[in-house]
*Asks:* 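Below: one structure in structure tokens.
It should be emphasised that the depicted structure is a prediction, and the values quoted were computed from it without experimental measurement. All chains are named by letter (A, B, ...) in the order of the sequence lines, taking the proteins before the strands, and each is independently numbered beginning at 1.
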Amino acid sequence: MSDAPRPSNFLADIVEADLRAGRNGGRVVTRFPPEPNGFLHIGHAKSILLNFGLARAYGGRTHLRFDDTNPVTEETEYVEAIQADVRWLGCEWGEHLYYASDFFERMYACAERLVRDGKAYVDSQTQDQIREQRGSFERPGVNSPFRDRPPAESLDLLRRMRAGELPDGAAVLRGRIDMAHPNVLMRDPLLYRIRHASHHRTGDRWCIYPMYDFAHPLEDAFEGVTHSICTLEFESNRELYDWVLDSLGPWDPRPRQYEFARLSLGYTVLSKRKLLQLVNERRVSGWDDPRMPTIAGMRRRGVTPEALRDFADLIGVAKNNSVVDIGKLEFAIRGDLEGRTPRALAVLNPLRLVVESWPADRTEELDVPWWPGEPARGGSRKVPFGRELLIERDDFSEEPPKDWKRLAPGREVRLAGGYVVRCEGVVRDASGAVTAVRATHDPASRGEGERRKVSGTIHWVHATRSVPAEVRLYDRLFAVEQPDAEPDFLQVLNPDSLVLAKGARVEAALADAAPGTRWQFLRQGYFFVDPVDSRPGAPAFNRTITLKDTWAARTAAKPEARRAKREPAPVDGQGAAAARKGRAELRAEARAADPELAARHARYVGLGLSEEEADLLSGDAAVATWFDAAVAVHPNARSVARWLLNDLAGLARERALASLPLAPDAFGRLVALVDAGRLTPAAGKALLAELVEKGGDPEARMKALGLEKVDDRAAVEAAVARALEARRAEADRYRAGEKKLFGVLVGAAMRETGGAADAALVRKVLEEKLA
RNA sequence: UGAGGCGUCGUCCAACGGCAGGACUGCGGACUUUGGAUCCGCGUAUGAAGGUUCGAAUCCUUCCGCCUCAGCCA
């Protein structure tokens, strides 16, 4: 364990449970396994932060492993970019850098072992034949004619595959599992294919390469990974993952695969294919275009690793397919940048402001703090103020709308860090367009303690002592929230995702801003000095994110409707989906095929069970027989049925009833105990859970566990008193009127007796005491 | 529906049989030398229906909806 913040999600729960149970010798080893065939994006960042975060929180380690099993798509360039990105995120793998290709020899040895064990064979069919034989979801596959080839023959062929005697596609190694398996991935999956291609690390040493489903579990096992965390679409691969490991073990630790929902982000695409397309078709300038959701792109936009971490914490980890509101990312970025950027003045779309009351030959060097409102932080620079200034065109309106707080004829506004000015008129060109605003200033309006009320503050720069700058205004790459849902995602690119601010000027202090530094342009947003294109004296700024702008939000058109709420489920019930075959149909079919089961159904109804209960118990002979055996011991069929159906079923889960340590006669005796009033239902459940796991005699266990029903009033009163003592705060709130807390109090009192108290009596006593 | 998953405020995530909570967004308000930040306030969400239970988002059943899988990709 470490003192790193403990993540709270279902995977952390699993890790904690494993640690508690002493599994894997207390080790926690995760891994991040990218294929080096593209750049990492924010979805990978979620996975990286999850894997590294989990290991760090539980005193484990995380491996960086390149899953380089397909030589035709993978390149060294990507290997390097990926390492840089992971490191930039603040994740360290230490000496644990691995490549799947480093394990090729061991993997191959495993393949030979499978062949010798009769668990794999070389198939000499064509790709089309193999596909054809795989069957479909509804139709089982058929066996390959080479499926029963003797192991010695397969082994020879496999060796010749490796030796390069066979051309691409001439043969593959297949696992021998089951061509009728309901999971199509298990229908004799391909394990190795021939690829006469140069690999970025192993060169031409190999001409056969393992498939993902074979390689991945082995890589995990070789490295000692304990928790192999991947995304939801690999759920059906898990069965094959387990088959490979179980066929080739034993392993210590034995890796386990878990899946979580990959990230989807609004107004963004995250599929490798689409990202690659954007790059290849020059819709963006490259993988590191600041509009790209790649780590490289976000880095160049000015996003920090800390912001990405905050974002990851914000969205959590679960198994729901969900689309995260891009506003969350923006919130994390703003929150991070807020505290780390000095405030500067820049005008993106200038309009001349002539301060007619200011002498033309006079310039005042105003001392303006870098951190307004945070004097403790210190630091300031001189900003020249003169007669000719530039303000933002959007900050002036001749006919201002309601609630306008900026400059307008006859109105006053403060120039940030400087004087209050009043608009006296405008200057127009021949066409009547405003070319300048005329103003006068209030000389007394600046200085310590000056608290003159004006409706607003605007930013500005000196007309000649400011410097031109390249300012790139980035916005969301897509115009719709779910570009993936479009027939062609390229059709919904946001045409304004990059706007160059024409004529933008920044205050002189920013002329030589260092590449890679971050600034807030007052009232506008956070900007990053581009590390590639910026030059001293000719700075280039990338807008990372705008400031939250309630005025713009108010005046902008309402965003398009979010995705429609789920269709209301048709309530007409039964008939609607008659075509489908659910478990209910299966049971009905079983009875139709077996008159004995049908007779049981009738008998159960005769015993007083509901139609539904009788149906549930008579769909399977094993269940019915088990039930009958229990009823033979305790002839209250309704009770036995309810306990079996509602409680035992949940406890048994997938396990067959017959395989439980709990025999039907013991179960019948347990239900009898409840019916006789010797066990409360709550205590009965506790006892049942115990017996399902460990077996034993109900009555003996009941006594040993102290579960026998408590219905003497003194004992219940004592329990209630203890509960009230322990839950004093809740009791007080209850008395104050929060009646919903009664349940908490009942629960506390029940727990005082291990569920053995009579609930009705507890309620009664509680009510009296709380009255 | 062959198999495997998933359904909780507009969005994302909690609640592990006992008070449906947090964050984002949005909307008010206060404050403000950033229409920023900050502070305060505002919530008819457990897909539906049955059942078990003193008590169900949670357990059981049925139904509905969504996602993934039939590459010699990963």
*Asks:* Quick one: is A:S445 getting a side-chain N or O under 4.0 Å of the B:rU33 phosphate, OP1 or OP2?
*Replies:* no
*Asks:* Just compare B:rU33, B:rC54, B:rC19 and give me whichever is closest to any side-chain atom of A:R414.
*Replies:* B:rU33
*Asks:* From B:rC60, B:rC19, B:rC63, pick the nucleotide closest to the side chain of A:R733?
*Replies:* B:rC19
*Asks:* Rounded to whole Å, how long is the line connecting atom CZ of A:R642 with atom P of B:rU61?
*Replies:* 16 Å
*Asks:* Below 4.0 angstrom from OP1 or OP2 of B:rU62, is there any side-chain N or O of A:R583?
*Replies:* yes
*Asks:* State whether A:E392 and A:R406 are salt-bridged, where the test is any N-O pair (Lys NZ or Arg NE/NH1/NH2 against Asp/Glu carboxylate O) under 4.0 Å.
*Replies:* no
*Asks:* 5'-most contact on RNA chain B: A:L232 or A:H181, nearest heavy atom basis?
*Replies:* A:H181
*Asks:* Just call it for A:N237: base, sugar-phosphate, or nothing, with non-hydrogen atoms closer than 4.0 Å on any strand.
*Replies:* base
*Asks:* Just to be sure I understand the rule, does A:K328 reach a base, reach only the sugar-phosphate, or reach nothing, if contact means heavy atoms closer than 4.0 Å?
*Replies:* base
*Asks:* Please answer whether the main-chain N or O of A:P369 pairs with a side-chain N or O of A:S380 as donor and acceptor at a distance below 3.5 Å.
*Replies:* no
*Asks:* According to the Watson-Crick and G-U wobble definition with distances under 3.5 Å, which dot-bracket string, read 5' to 3', encodes RNA chain B, using [ ] for crossing pairs and | for pairs with another strand?
*Replies:* .((((((..((((....[..)))).(((((.......)))))....(((((..]....))))))))))).....
*Asks:* When you measure from the centre of the six-membered ring of A:F311, is the NZ or CZ of A:K328 under 6.0 Å away and within 45° of the axis?
*Replies:* no
*Asks:* Does the aromatic ring of A:F331 sit over the six-membered base ring of B:rC24, closer than 5.5 Å centre to centre and tilted less than 30°?
*Replies:* no
*Asks:* Mind checking the P distance from B:rG10 to B:rG4? Whole angstroms is fine.
*Replies:* 32 Å
*Asks:* Taking the ring centre of each residue, are A:Y209 and A:Y192 less than 6.0 Å apart?
*Replies:* no
*Asks:* With rounding to the closest Å, how many angstrom separate the P atoms on B:rC60 and B:rG7?
*Replies:* 14 Å
*Asks:* Within the distance-only criterion (no hydrogens, no angle test), does the side chain of A:D188 pair as donor or acceptor with the backbone N or O of A:I177 below 3.5 angstrom?
*Replies:* yes
*Asks:* Closest to the A:V184 side chain: B:rC54, B:rA70, B:rA74?
*Replies:* B:rA70
*Asks:* Identify which nucleotide among B:rU11, B:rG5, B:rU62 has an atom closest to any side-chain atom of A:R238, counting heavy atoms from C-beta outward.
*Replies:* B:rG5
*Asks:* Which part of the nucleic acid does A:W404 contact within heavy-atom distance under 4.0 Å: base, sugar-phosphate only, or nothing?
*Replies:* base
*Asks:* Would you mind classifying the nucleic acid contact of A:A760 as base, sugar-phosphate or nothing, using non-hydrogen atoms under 4.0 angstrom?
*Replies:* nothing
*Asks:* When A:R523 is tested against each of A:D395, A:D549, A:D394 for salt bridge (Lys or Arg N to Asp or Glu O under 4.0 Å), which residue passes?
*Replies:* A:D395
*Asks:* What nucleic acid atoms does A:D403 come within less than 4.0 Å of, heavy atoms only: base, sugar-phosphate, or nothing?
*Replies:* base
*Asks:* If we take the C1' atom in both B:rC40 and B:rU46, what is their distance in whole Å?
*Replies:* 30 Å
*Asks:* Measure from CG on A:N321 to C1' on B:rC66 and round the result to the nearest Å.
*Replies:* 8 Å
*Asks:* Just checking A:R638: base, sugar-phosphate only, or nothing, at a heavy-atom cut-off of under 4.0 Å?
*Replies:* nothing
*Asks:* Could I get a table of every N or O pair under 3.5 Å where one atom is in the protein and the other is in nucleotides 36-43 of chain B?
*Replies:*
residue : atom : partner : partner atom : Å
B:rG36  : OP1  : A:T550  : OG1          : 3.4
B:rG36  : N2   : A:R343  : NH1          : 3.3
B:rA37  : O2'  : A:E338  : OE2          : 3.3

*Asks:* Below 4.0 angstrom, N of the basic side chain to O of the carboxylate: do A:E338 and A:R343 qualify?
*Replies:* yes
*Asks:* Taking any heavy-atom pair under 4.0 Å as a contact, classify A:R139: base, sugar-phosphate, or nothing.
*Replies:* nothing
*Asks:* So, does A:R134 get its side chain near the phosphate of B:rG71, meaning an N or O under 4.0 Å from OP1 or OP2?
*Replies:* yes
*Asks:* Name the closest nucleotide to the A:L741 side chain, picking from B:rG2, B:rC19, B:rC60.
*Replies:* B:rC19
*Asks:* Between A:R751 and B:rG55, does any side-chain N or O lie under 4.0 Å from OP1 or OP2?
*Replies:* no
*Asks:* Which is true for A:R187 with a 4.0 Å heavy-atom rule: it touches a base, it touches only sugar-phosphate, or it touches nothing?
*Replies:* nothing
*Asks:* Have a look at A:L645 and say if it touches a base, only the backbone sugar-phosphate, or nothing, with a 4.0 Å heavy-atom cut-off.
*Replies:* sugar-phosphate
*Asks:* Could you check whether A:R195 pairs with A:D168 (Lys NZ or Arg NE/NH1/NH2 to Asp/Glu carboxylate O, under 4.0 Å)?
*Replies:* no
*Asks:* By the 4.0 Å heavy-atom rule, please label A:V454 as base, sugar-phosphate, or nothing.
*Replies:* nothing
*Asks:* Out of B:rC72, B:rU8, B:rU32, which has the shortest distance to the side chain of A:R131?
*Replies:* B:rC72
*Asks:* With a 6.0 Å cut-off on ring centres, are A:Y212 and A:F234 close enough?
*Replies:* yes
*Asks:* Can a side chain N or O of A:K319 be found less than 4.0 Å away from OP1 or OP2 on B:rG7?
*Replies:* no
*Asks:* Can you tell me the distance, in whole Å, between the OH atom of A:Y192 and the C1' atom of B:rC73?
*Replies:* 17 Å
*Asks:* Could you tell me whether A:E752 and A:R727 have a side-chain N and a carboxylate O separated by less than 4.0 Å?
*Replies:* no
*Asks:* How many whole angstroms separate atom CG of A:L651 from atom C1' of B:rC59?
*Replies:* 9 Å
*Asks:* Output the single nucleotide from B:rG18, B:rG71, B:rG2 whose closest atom is nearest the side chain of A:M211.
*Replies:* B:rG71
*Asks:* Within the distance-only criterion (no hydrogens, no angle test), does the side chain of A:T231 pair as donor or acceptor with the backbone N or O of A:E233 below 3.5 angstrom?
*Replies:* no
*Asks:* Strictly below 4.0 Å: does A:N320 bring a side-chain N or O up to OP1 or OP2 of B:rC13?
*Replies:* yes
*Asks:* Suppose we call a contact any N or O donor and acceptor under 3.5 Å apart; does that hold for the side chain of A:E730 and the base of B:rC19?
*Replies:* yes
*Asks:* Step by step, would you call A:Q524 with A:L348 a side-chain contact (heavy atoms from CB on, under 4.5 Å)?
*Replies:* CA-CA 9 Å; A:Q524 304 192 96; A:L348 304 182; 3.2 Å; yes
*Asks:* The side chain of A:E235 lies closest to which of these nucleotides: B:rG5, B:rC12, B:rG71?
*Replies:* B:rG5
*Asks:* What's A:E35 touching, base or sugar-phosphate or nothing? Going by heavy atoms closer than 4.0 Å.
*Replies:* sugar-phosphate
*Asks:* What's the closest nucleotide to the A:L190 side chain, out of B:rC12, B:rC72, B:rC69?
*Replies:* B:rC72
*Asks:* What integer distance in Å separates A:F527:CZ from B:rU34:P?
*Replies:* 18 Å
*Asks:* Can a side chain N or O of A:T69 be found less than 4.0 Å away from OP1 or OP2 on B:rC73?
*Replies:* no
*Asks:* How would you label the contact of A:E767 with the nucleic acid (heavy atoms, under 4.0 Å): base, sugar-phosphate, or nothing?
*Replies:* nothing
*Asks:* Using only heavy-atom distances, decide whether a donor-acceptor pair under 3.5 angstrom links the side-chain of A:D13 to the base of B:rC16.
*Replies:* yes
*Asks:* If the glycosidic angle is within 90 degrees of 0 it's syn, otherwise anti, so just tell me which one B:rG71 is.
*Replies:* syn
*Asks:* List the atom pairs, donor and acceptor, that lie under 3.5 Å between side-chain atoms in residues 756-766 of chain A and the rest of the protein, sequence neighbours left out.
*Replies:*
residue : atom : partner : partner atom : Å
A:D758  : OD2  : A:L761  : N            : 3.1

*Asks:* Counting only side-chain heavy atoms from C-beta out, which of B:rU62, B:rA56, B:rG51 sits nearest to A:K685?
*Replies:* B:rA56
*Asks:* Carefully, step by step, assess A:V347 and A:I391 under the rule side-chain contact (heavy atoms from CB on, under 4.5 Å).
*Replies:* CA-CA 6 Å; A:V347 173; A:I391 61 169; 5.7 Å; no
*Asks:* Within the structure shown, what part of the strands sits under 4.0 Å from A:F234 by heavy-atom distance: base, sugar-phosphate, or nothing?
*Replies:* base
*Asks:* Which part of the nucleic acid does A:I315 contact within heavy-atom distance under 4.0 Å: base, sugar-phosphate only, or nothing?
*Replies:* sugar-phosphate
